[in-house]
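Here is the structure we will look at.
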Amino acid sequence: MEAMKKLFNYLIVFLLLGLATFYYLHFELQQRQQHLFYETSKNLQTTYVAVVNLYELFSRTIYSEVVNKPEILALYAKAYEANEQQRTVIRTQLYEKLQPTYTRLKQQNLKQLHFHLPDNTSFLRMHRPKKFGDNLSTVRYSVKKVNADKVFTKGFEEGRIFNGFRYVFPLFYQDNHIGSVELSVSFQAIREQIEKILPLKTAFMIKKSVVHSKVFSQELKNYIETDLSSNYLYEKSIHSKLDSRQNQQLFSLRTLESINKNIKPKLKNLLDSNHSQKTLNVYSSTLYGNFITSFIPIYNVENQLVAYMMIYEHDTQLSYYIQDFYIKMTVSCLFIMAALVLFYYFTRGQQLETEIIQRKAMEAELLQAKDQAESANLAKSQFFANMSHELRTPLNAIIGYSEMLHEELTDLGAEDLLSDLFKINTSGKQLLDIINEVLDLSRIEAGKMELFVQDFNVLNLINDLENTTTPLLASHNNTLQINVQDDIGTMYSDYNKIEKILSNLLNNATKFCSNGNIIFNIKRLEKALNEQKQDWLIFEVKDSGIGMTTEQINQAFQAFSQADYSSTRKYGGVGLGLAIVKSFSHMLGGGIEVESRYGVGSTFTVYLPAELKNEGVIAAKIDELSVQYKAVALIIDSDLMDSELLKSYLVRMGYQVEIADQAQQGLELAKQLKPNVILLNIVLNDQSGWYVINGLKTDPELVVIPIILLLEIDPPICLQDRQIKECLVKPIRRDELTYAIRHAERATQQTENLIMIIDDDKDTCDLLTKILHKSDWKTVTASNGIAGLALLETHQPILIILDLMMTKMDGFDFIKHLQLHPTWKTIPVVIFTSKDLTQEDRDILQGQVAYIFQKGSYEQDKLLNIVHVLMGNVPQP
């Protein structure tokens, strides 16, 4: 470990020295490059300015020697006051006088000799004598400025046909301003002169916005878009000549395109933000060699950046500087490495002795750290256990009382308060879900999450999920489509964790989807894993909600991660659901995949083995009634579809259910099972239902069994027979069946309806007392195990509801004392706790209790059903 640390330190030193060397040499390279660019820019700028000034000098000469002559000015002075006929004569005379001169000017690349009247009206274009009379105030700033200020103006200006430099002179006759004259040179002429002076390649581009605002529409075809920026255009006439210029063997249009492709990413927004009036220089390395490309900014007469002249120059100097940089960097790194190796061997002897001493000290520190970690882990476990109790207990009261108040206000018709109570109940359950998710994540991270496997029917799992998801679907106006493969069969796995996985996915789909459709596909596949074939269950949840971006998908399964802050505010949650889904999926031997498109929807696919093969799994936890307390219901009905539906209702209520489709079979099962209740259809295939009733009456052991009749229509009289306790008309709702079962069995109970509640939380005791009193159960309460044992001396309850975490004597010690008493040990015990049970806790409780409820997450109906079943089937002393 120490050697690794030493090696790491040497590596850090090497990196630091290497970085320092790199920054020094890179700084030197940048200085050289800046100096080279400065010299290049200065030379190019000097050449460029010299060429522009040369044409200015030439223009001034033409103005002085040709235009600013008395005979020309006298003739032109008459134009402003003349009528159109007179102007035509003057225009013709002026054209004839200047035509020989203009012909020679064109040979020197001066494109225009253009006269303007004082109001900016075009009087004579020597290059287009038939085009006159148009006002140039809006398109020729130079002309407008000269006629207004009466001073000479020069500079680059965009034209309606071509672009170039304009030299505009005011005209005076006898001290009167009579207009202006413009001499223009195209930019092509500027390029040609520069390339004659310097053996370089040049190009020209102009802003697209300028072209579209100034150029005649019929002339737009003379421009093409550049390969450097979509905001600039080439003049086609200039660009097309690049391949026909000098130095063709060294520089071609293909070479230019290669350079432009290389430098385009480096330019980014520099072309549109160059307000410093400085030349831009960019270095590029291509297949055709190394180049320095200079961009000389061109500002028009209004001092606006409108164009660039590009100058491409073969580079030798900067390439040499870069090569020199890499050589120096390589030599420096080798020198640093050699020095560090020598230093390492020089100090190795002392290091070995130091390492021995440090290793012994480290061993002592590790032992101490181990003790501290174990103490911290114990403290963490105790903290979460206490937090679980402290948070779930008050939430239990909030959820329970809100449900009771909801029922009472419904009976009173105070519907204006129901929505507020529903919000309280929903908020409490949401907070409980968050607490449970935080605790689950803590157990996963600590490696304390246990698996409890059992055989279960997949269809029952799907039915439970559909029932729990329905309220949330309605709140978001969504629809749920469930597609289950035929003969989906059973699974051997952890039922509760699979239910948690799928409920989280369905709730997420519903939460992030409004007025949409959610598709839930379930299928069974056989595929090979580790050269062994086995069945897999594939659960797919597809929604048409908001979807996710690629970045959101990458962090979807991270703990405490949401799509973004706005999603957290809008949809709620703390970002633990998908993290737990992923962890549970892996624990169960499977995995999860996600596909999503932002704004379209998401598809989550969970794949799990049908049979979990893991040495670390534990038998299913106590979440069903013990066999000795199982109540039995017998259904006698020829309609098997109705029977299966009733069976699913009764199983959820805690009953063992048997079905007979014929009268005689029903009587035989009744004698064999001695059921607690019989559900009987009057219309059977072989006999009438009354035949079954008469058979039950003649048997002393069966005559006491309550009967619930199943009818197709409302009967005029159905309760005259004392054995018939209720009549239900098909189709039968679950709440109607629950009421009928309770009423039927209550009528046959012969014992006192006393239930003992033992809990140190007064609110919990009051809540359970009110719930049970509403169903006509009598209750007695105790604040701890010692008080509970004292009450048993004077009271004979037939059911005990017990908390596990109490002062003085907790629930575990109470159960131990209960099992030592010959009479009390037969009393069924229902655990009602906020504690997260470990496997050790379950081993202690196994066979000693009838059912376990988690505070806050229970349902009142389920609690009453379990109490009812246990009260009706407690062994009599």
Check: Ser122/His114 side-chain N/O donor and acceptor closer than 3.5 Å: yes
Residue pair Leu305 / Pro297: nearest heavy atoms and the distance that separates them: CD1-CB, 3.6 Å
Validation row: Leu136, Thr121 side chains within 4.5 angstrom (heavy atoms): no
Side-chain touch Ile296/Tyr308, heavy atoms, less than 4.5 angstrom: no
side-chain contact (heavy atoms from CB on, under 4.5 Å) between Thr40 and Leu36, intermediate numbers included: CA-CA 6 Å; Thr40 300; Leu36 178 62; 4.2 Å; yes
Side chain Ser596, main chain Gly601, donor-acceptor under 3.5 Å: yes
Plane angle bin for Phe58 and Tyr55 - parallel if under 30°, tilted between 30 and 60°, otherwise perpendicular: perpendicular
Polar side-chain atom of Ser213 near backbone of Val210 as donor-acceptor pair, under 3.5 Å: yes
Salt-bridge contact Lys328-Glu28 (side-chain N to carboxylate O under 4.0 Å): yes
Side-chain donor or acceptor of Arg87 paired with backbone N/O of Tyr80 under 3.5 Å: yes
Carboxylate-amine/guanidinium contact Asp134 Arg125, below 4.0 Å: yes
His35 atom NE2, over 12 foreign heavy atoms within 6.0 Å: no
Check: Leu233 and Met205 side chains under 4.5 Å, non-hydrogen atoms: no
Gln107 and Arg104 side chains, donor-acceptor separation under 3.5 Å: no
Residues Arg140 and Glu182 bridged, charged N to O under 4.0 Å: yes
Check against side-chain contact (heavy atoms from CB on, under 4.5 Å), Val301 and Lys145: CA-CA 10 Å; Val301 291; Lys145 178 176 176 61; over 6 Å; no
Interatomic distance, Phe27 atom CZ to Arg32 atom CZ [nearest 0.5 angstrom]: 12.5 Å
Derivation of the side-chain hydrogen bond (donor to acceptor under 3.5 Å, both in side chains) call for Thr88 and Glu84: CA-CA 6 Å; Thr88 301; Glu84 284 302 321; 5.3 Å; no
Beyond-backbone contact of Lys207 with Asn231, side-chain heavy atoms, under 4.5 angstrom: no
Expected output: side-chain Asn477 to main-chain Ser514 donor-acceptor under 3.5 Å: no
Stepwise side-chain contact (heavy atoms from CB on, under 4.5 Å) test for Phe132 and Leu124: CA-CA 6 Å; Phe132 56 85; Leu124 173 61; over 6 Å; no
Donor-acceptor contact below 3.5 Å, side chain Asn135 vs main chain Ser137: yes
Ring center gap for Phe123 and Phe115 short of 6.0 angstrom: no
Whether over 12 other heavy atoms sit under 6.0 Å from Lys144 NZ: no
Approximate separation, where rounding is to 0.5 Å, of Arg191 CZ and Thr202 OG1: 3.5 Å
Donor-acceptor pair, side chain of Gln93 and main chain of Ile90, under 3.5 angstrom: no
Parallel, tilted or perpendicular: ring planes of His26 versus Phe325, cut at 30 and 60 degrees: perpendicular
Note, Asp543 side chain near Phe512 side chain (heavy atom, < 4.5 Å): no
Donor-acceptor contact below 3.5 Å, side chain Asn53 vs main chain Glu56: no
Any side-chain heavy-atom pair of Tyr299 and Val306 under 4.5 Å: no
Enclosure of Tyr24 OH (heavy-atom neighbours >12, cutoff 6.0 Å): no
Donor-acceptor pair, side chain of Gln112 and main chain of Val185, under 3.5 angstrom: no
Pi-cation contact, Phe169 with Arg60 (under 6.0 Å, within 45°): no
Flag side-chain contact, heavy atom, 4.5 Å: Asn478 against Asn517: no
Ser294 versus Asn281, side-chain donor and acceptor atoms under 3.5 Å: yes
Pairwise distance CG(Leu171) to NZ(Lys150) - rounded to 0.5 angstrom: 12.5 Å
Within the 6.0 Å centroid threshold, strictly below: Tyr312 and Phe291: no
Criterion ring pair (Phe, Tyr, Trp, His ring centres under 6.0 Å) against Phe204, the qualifying member of Tyr223, Phe187, Tyr232, Phe295: Phe187
Tyr102 side chain vs Lys111 backbone, donor-acceptor pair below 3.5 Å: yes
Salt bridge flag under 4.0 Å for residues Lys208 and Glu225: yes
Atom NZ of Lys97: over 12 foreign heavy atoms under 6.0 Å: no
Thr603 side chain to Glu595 side chain, donor-acceptor N/O pair below 3.5 angstrom: no
Greater than 12 external heavy atoms within 6.0 Å of Gln218's CD: yes
Whether over 12 other heavy atoms sit under 6.0 Å from Glu71 CD: yes
Spacing of CG belonging to Asn260 relative to OG1 belonging to Thr226, to within rounding of 0.5 Å: 8.0 Å
Gap between atom CG of Leu287 and atom OG1 of Thr255 - 0.5 Å precision: 10.0 Å
Verdict with reasoning, His476 to Thr510, per side-chain hydrogen bond (donor to acceptor under 3.5 Å, both in side chains): CA-CA 7 Å; His476 289 75; Thr510 303; over 6 Å; no
OH-CG distance between Tyr173 and Asn68, expressed to the nearest 0.5 angstrom: 12.0 Å
Carboxylate-amine/guanidinium contact Lys261 Glu257, below 4.0 Å: no
Side chain to side chain, Tyr167 and Phe152, heavy atoms closer than 4.5 Å: yes
Arg166 (side chain) donor-acceptor with Ser184 (main chain) under 3.5 angstrom: no
Lys/Arg-Asp/Glu bridge criterion (N-O < 4.0 Å) met for Lys196, Glu192: no
No-hydrogen, no-angle side-chain donor-acceptor test under 3.5 Å, Asn222 and Tyr234: no
Flag for Asn290-Ser319: side-chain donor and acceptor within less than 3.5 Å: yes
Closest non-hydrogen atom pair, Val139 against Glu157: O-OE2, 4.3 Å
Candidate pair Met548 and Tyr598, rule side-chain contact (heavy atoms from CB on, under 4.5 Å), full reasoning: CA-CA 5 Å; Met548 294 183 288; Tyr598 187 75; 5.8 Å; no
Gly18 to Ile336 - nearest heavy-atom pair and separation: N-CD1, 4.0 Å
